[in-house]
Structure formats: C-alpha cells, structure tokens
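Before any comments, here is the structure.
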Protein chains: 2
Amino acid sequence: MPRPATPAAEDCLKTVYAAGEWSDEKITLSKLAQALGVSPSTASEAVRKLTDAGLLRHERYGGVELTEAGRLQALGVVRRHRLIETFLVADLGYSWDEVHEEAEVLEHAVSDRMLDRLDRRLGHPERDPHGDPIPRPDGTVPRPGAHSLADLPEGAAGSVARISDADPEVLRYFADLGIGLDLHVRVVKRREFAGTTVVRLGEGPGGREVDLGDPAVAAVWVLPAAR
Amino acid sequence: MPRPATPAAEDCLKTVYAAGEWSDEKITLSKLAQALGVSPSTASEAVRKLTDAGLLRHERYGGVELTEAGRLQALGVVRRHRLIETFLVADLGYSWDEVHEEAEVLEHAVSDRMLDRLDRRLGHPERDPHGDPIPRPDGTVPRPGAHSLADLPEGAAGSVARISDADPEVLRYFADLGIGLDLHVRVVKRREFAGTTVVRLGEGPGGREVDLGDPAVAAVWVLPAAR
DNA sequence: AAACGCTTTTCGGTCCACCGAAAACTCCTC
DNA sequence: GAGGAGTTTTCGGTGGACCGAAAAGCGTTT
Ligand SMILES: [Fe+2]
Ligand SMILES: [Fe+2]
Ligand SMILES: [Fe+2]
Ligand SMILES: [Fe+2]
C-alpha cells in the first residue's frame with residue numbers, strides 16, 4: 001500500500017472508502033464535505049486533485065468513487081487507523097470510546113515499520129475494538145457477513161459483530177448497558193411508531209431486555225446465529 | 001506544558017532548546033536553518049513569528065534564545081520525543097538507531113492522554129535510550145552531571161551517561177563495539193595529532209581497548225566515577 | 001576607511017488547505 | 001416547460017510553510 005502525499009488527501013480517501021464500506025453508494029460531495037468537516041468548496045477542490053491523481057473517479061455533478069489505486073491507498077489508511085485503535089485498547093488501556101480521535105491523528109504519523117511491529121505484537125488481529133475489519137497488507141479485507149440490527153426481523157438473533165464508532169457517547173452508553181462485541185442479542189419487538197426496539201441481551205436465563213432508540217439500533221451490527 | 005500551533009513551530013523551538021542543552025550559547029540563524037533542513041530565509045521567517053508570539057528572544061542579526069514560555073513548550077516537545085523513543089525501544093523492540101526518525105514524526109501527533117499512558121507504562125523513565133534526560137511534566141529536567149568524553153583528561157574514567165543520537169550510523173557502530181549506556185570507560189591515551197583516542201571499555205580483566213576517532217569521542221558523554 | 005566574505009533579512013513567488021460568495025447545474029414540483 | 005430548492009463548481013482571497021535572489025548589515029582584513 002503506497003503512501004499518498006498529505007493528511008488531508010488521506011482523510012479524503014478514507015472517508016470515501018468508509019462511505020462504501022457498509023453500503024455501496026457513491027458518496028456525494030456535500031456528505032463528503034460534512035464528514036471531513038470542511039466546506040463544500042474545499043471538498044470539491046480536494047476531489048478534483050485526487051481525481052487528477054487517478055485515485056478517485058468523479059463525473060461532474062455526480063458521486064465520488066475510489067479507483068483501484070485509490071482503494072489501495074484508502075485501505076492503507078484504514079489499516080493504520082484500526083490497528084492503532086486496537087493497540088490503544090489492548091496495550092495502553094484505552095476504553096473504546098477514547099481511541100477513535102487519537103487514531104485519527106496517529107494514522108497519518110506511523111511508519112510502515114511501526115505498523116508492522118504493532119501488528120505482530122497484537123497477533124495480527126482481524127478486527128478493531130469496534131468490530132471493524134482490519135484490512136490486510138495485501139489489500140484483502142476480512143468480511144464477516146454482518147447486518148445492522150435495524151435490518152433484522154423480529155425474532156432474529158445473533159452475536160454483535162460491530163458497533164459504529166462514529167459517536168463516542170453512544171459507545172459509552174453501550175458500555176454501560178453491557179453491550180460489547182460477541183454479545184448474543186435477539187430482536188424481541190419492534191415499535192416502529194415509537195422509534196424503539198426491544199432487544200434481549202445475553203442468552204439463557206441471565207439475559208436482560210433493553211429498549212433501544214433507532215440511532216442506537218442502527219449502530220449495532222450482528223452476525224446472524226447459525227441455525 | 002501548552003501546545004504550540006504547528007509541527008514546524010514545535011521543531012523550531014525544540015531545535016533551539018537542543019542547541020542550549022549541552023552548552024549554552026544562543027544558536028545562530030544559519031545553524032538553526034541547517035538543523036531544521038530549511039533555507040535561511042525560511043528559518044528567519046519562523047523565528048520572527050515565534051518571537052512575535054513571545055516564545056523566542058531575538059535581536060536583529062543576533063542569536064536566538066528561548067523565552068520562559070518558549071522553554072516550556074520546547075520541553076513539552078522534547079518530553080514527547082524522548083518518551084516515544086523510550087517506548088519504541090522498551091516495548092516495540094526497536095534498536096536505538098531506529099527510533100529517532102520515528103519519534104521525530106510522532107512527537108507532533110501524540111496526545112497528552114497517550115503520553116501519560118506511555119509514561120506510566122514505562123515506569124516514569126528519567127532518560128531515553130540514548131541517555132538524554134526526559135523532562136518532567138512540571139518542566140524540571142533530571143540532570144546528570146555528564147561531560148563529553150572529548151573533554152576528559154587522560155586517565156579519567158566513568159560510566160557512559162549519554163550517546164548523541166544525531167547519527168544513526170554512529171549508534172550502530174557503537175552497538176557493534178559493545179558501547180552502551182552505563183558501560184564503564186576510561187580515557188587511556190589521547191593522540192591529538194592523529195585525531196584519535198584510546199578508550200578502555202569495561203572494568204577489570206574483561207576490558208578491551210578501542211581506538212575512537214574524534215567525532216565518535218565527542219558523541220559519548222560520561223558521568224565521572226565517584227572517587 | 002574601504003573592501004571582502006559571511007550572515008541575516010527582505011522581497012517576490014509557489015504550493016497546499018482552507019473559506020465565502022456567486023455562478024452553474026440538477027432535479028423535482030407545479 | 002418554468003420555477004425554485006438544493007447541490008456542485010468556480011472564483012477570488014487568506015495564512016502557513018517553503019524557496020531563491022537580492023539587499024542590508026557585520027566583522028575582519030588590508
Ligand atoms: Fe475509528
Ligand atoms: Fe474503530
Ligand atoms: Fe531523538
Ligand atoms: Fe534520544
């Protein structure tokens with residue numbers, strides 16, 4: 001995975017990648033700008049440059065996509081980000097709501113050598129503290145077939161495979177509730193009108209039921225139980 | 001220790017600090033520029049800005065010095081640099097010639113929180129892998145009374161307290177020779193004319209003698225043996 | 001005191017990341 | 001098919017970090 005020039009470019013590629021990771025639509029300029037925290041004009045300029053560099057594909061007034069070269073570079077950034085998050089939790093005692101911000105900065109600063117050392121020391125992990133898959137150096141990505149809890153029908157059950165790290169507050173909330181990776185969950189009842197879902201946590205008699213709001217439900221991804 | 005704005009500014013302050021660390025003369029613009037790897041005009045501009053910000057003292061055509069505020073910020077950068085170097089060697093298995101470059105980048109990226117965790121995990125070390133003192137969070141600096149081997153008279157002995165990390169090649173050379181921190185050394189014979197010094201390594205019968213060139217001798221700092 | 005070499009400063013200019021305002025465009029509605 | 005809302009692009013402008021050329025200043029030598 002070659003290194004692009006600048007942190008801003010890396011963030012741009014990473015964001016485009018992230019947009020296509022769990023669904024696959026091209027991201028719009030305005031969403032890109034918003035995700036990057038810059039004005040639309042700035043995002044437009046950045047996209048133009050990366051398109052010229054052959055890392056993005058983009059037709060005027062259309063959505064933005066990674067080229068194959070761009071995808072490789074994005075994977076590099078994502079790999080760095082997620083390995084760093086894993087390291088911070090596993091070795092430095094960070095909690096999972098603290099790591100994202102730190103990784104956001106460090107992903108632009110660690111060398112290949114350091115990344116190798118981290119990877120080895122962590123035992124070549126396949127997912128980060130939030131369950132996001134860590135791209136391998138060869139550009140492949142471990143892909144658990146997870147679905148958002150929001151898309152599961154009533155009665156469906158599985159184990160938590162991923163929790164979106166977008167909002168640290170949500171992560172702290174889940175930690176309080178005892179919701180973490182690999183926890184067994186079941187959709188008990190949907191209350192569409194109220195915007196909440198009753199979810200059973202844990203298997204057997206030790207389980208509890210909680211009432212989760214839509215945003216929380218959408219943040220949880222589940223690997224359906226084999227049946 | 002407050003954080004200055006930009007990596008370039010941090011590097012500038014750090015370099016001015018480094019210049020005054022083992023001797024105490026104000027650094028000149030040209031040396032500063034050279035150390036930073038930028039043109040004199042760039043260095044001049046940077047110094048002007050930091051002077052305006054109250055971090056440097058500088059009279060036109062004169063040397064450059066840290067103000068008290070500047071010293072605090074410089075100490076912050078140096079603390080980060082050296083703690084990171086220590087971590088890389090102690091925890092990630094780097095050799096001492098590999099760490100400087102990496103730390104050069106990471107020092108601008110780690111947060112206070114991460115620095116705290118590293119510090120705690122390393123047991124609040126007082127010196128880095130090259131023997132350089134690690135400034136404490138309160139702005140004090142552990143100060144071993146070391147002298148350059150180049151300044152010691154024939155017959156003088158002591159333990160290696162510091163080895164300049166300026167040149168990785170020199171570090172690898174020393175590693176090959178078995179020269180490391182706390183090794184007992186004695187100045188056996190100076191050959192000024194030849195630019196070399198005979199140094200005895202180790203105490204007692206297990207000791208060996210080596211012939212070191214002036215640059216190598218100048219890179220070694222010794223804590224004179226109590227006598 | 002004039003001249004020389006070196007250092008420092010100033011000056012104009014580049015590139016990058018950013019912004020807001022205004023123009024261009026798309027798409028949906030009436 | 002004309003408007004209008006929202007999105008995208010273009011345009012002019014800022015500030016930071018850099019550079020090389022040229023001017024200014026300093027210290028020393030003649
Ligand atoms: Fe993250
Ligand atoms: Fe994550
Ligand atoms: Fe260093
Ligand atoms: Fe060091």
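The structure displayed is predicted, hence computed values, not measured ones.
In this structure A:Glu101 satisfies the salt bridge (Lys or Arg N to Asp or Glu O under 4.0 Å) test with no other residue, sequence neighbours excluded. Contacts of A:Arg190 classified as salt bridge (Lys or Arg N to Asp or Glu O under 4.0 Å), with partners at least two apart in sequence or in another chain: none.
Regarding contacts with the backbone of C:dT9, a side-chain N or O of B:Ser44 is found under 4.0 angstrom from either OP1 or OP2. For C:dA17, the OP1/OP2 oxygens have a side-chain nitrogen or oxygen of A:Thr6 closer than 4.0 Å. Between A:Thr42 and C:dC19 there is a side-chain N or O to OP1 or OP2 distance below 4.0 Å.
Straight-line distance from the CD atom of B:Glu10 to the P atom of D:dG16: 16 Å, rounded to whole Å. Remark: C1' of D:dG16 and CZ of B:Arg48 are 12 Å apart, rounded to the nearest angstrom. As rounded to whole Å, 18 Å separates atom P of C:dC16 from atom NE2 of A:His108. For the pair B:Gln34 CD and D:dC19 C1', the computed distance is 17 Å after rounding to whole Å. What separates NE2 of A:His58 from C1' of C:dC25 is a distance of 12 Å, to the nearest Å. Protein atom CG of A:Asp52 is 12 Å distant from nucleotide atom P of D:dT9, rounded to whole Å. A straight line from CG of B:Leu32 to P of D:dA17 spans 14 Å, rounded to a whole angstrom. The distance between atom CD of B:Glu59 and atom P of C:dT8, rounded to the nearest whole Å, is 13 Å.
Side-chain to base pairing of A:Ser39 with C:dG20: no donor and acceptor N or O lie closer than 3.5 Å to each other.
Comparing D:dG16, C:dA17, C:dT9 by their nearest atom to the side chain of A:Lys49 picks out C:dA17. Distance from the side chain of A:Ala8 is smallest for C:dC18 among the nucleotides C:dC11, D:dT8, C:dC18. Side chain of A:Tyr61, nearest nucleotide from C:dC25, D:dA24, C:dT10: C:dC25. Taking every side-chain heavy atom of B:Val38 into account, D:dC18 is the closest of C:dC19, C:dT9, D:dC18.
When the nearest nucleotides of DNA chain C are assigned to A:Glu45 and A:Arg60 by heavy-atom distance, the more 5′-ward of the two goes with A:Glu45.
Between A:Arg82 and A:Glu85 no salt bridge is recorded (no basic side-chain N to carboxylate O distance below 4.0 Å). Between A:Arg113 and B:Glu98 there is a salt bridge, with a side-chain nitrogen of the basic residue lying less than 4.0 Å from a carboxylate oxygen of the acidic one.
Of the possible polar contacts, one joining the A:Glu102 side chain to the B:Ser111 backbone as a donor-acceptor pair under 3.5 Å is found. Under a 3.5 Å cut-off, the side chain of B:Arg162 and the backbone N or O of B:Gly131 do not form any donor-acceptor pair.
Ring geometry for A:His130 versus A:Trp96: interplanar angle under 30°, hence parallel rather than tilted (30 to 60°).
Within residues 20-31 of chain B, the residues that have a heavy atom under 4.0 Å from DNA chain C are, in order of number, B:Thr28, B:Leu29, B:Ser30.
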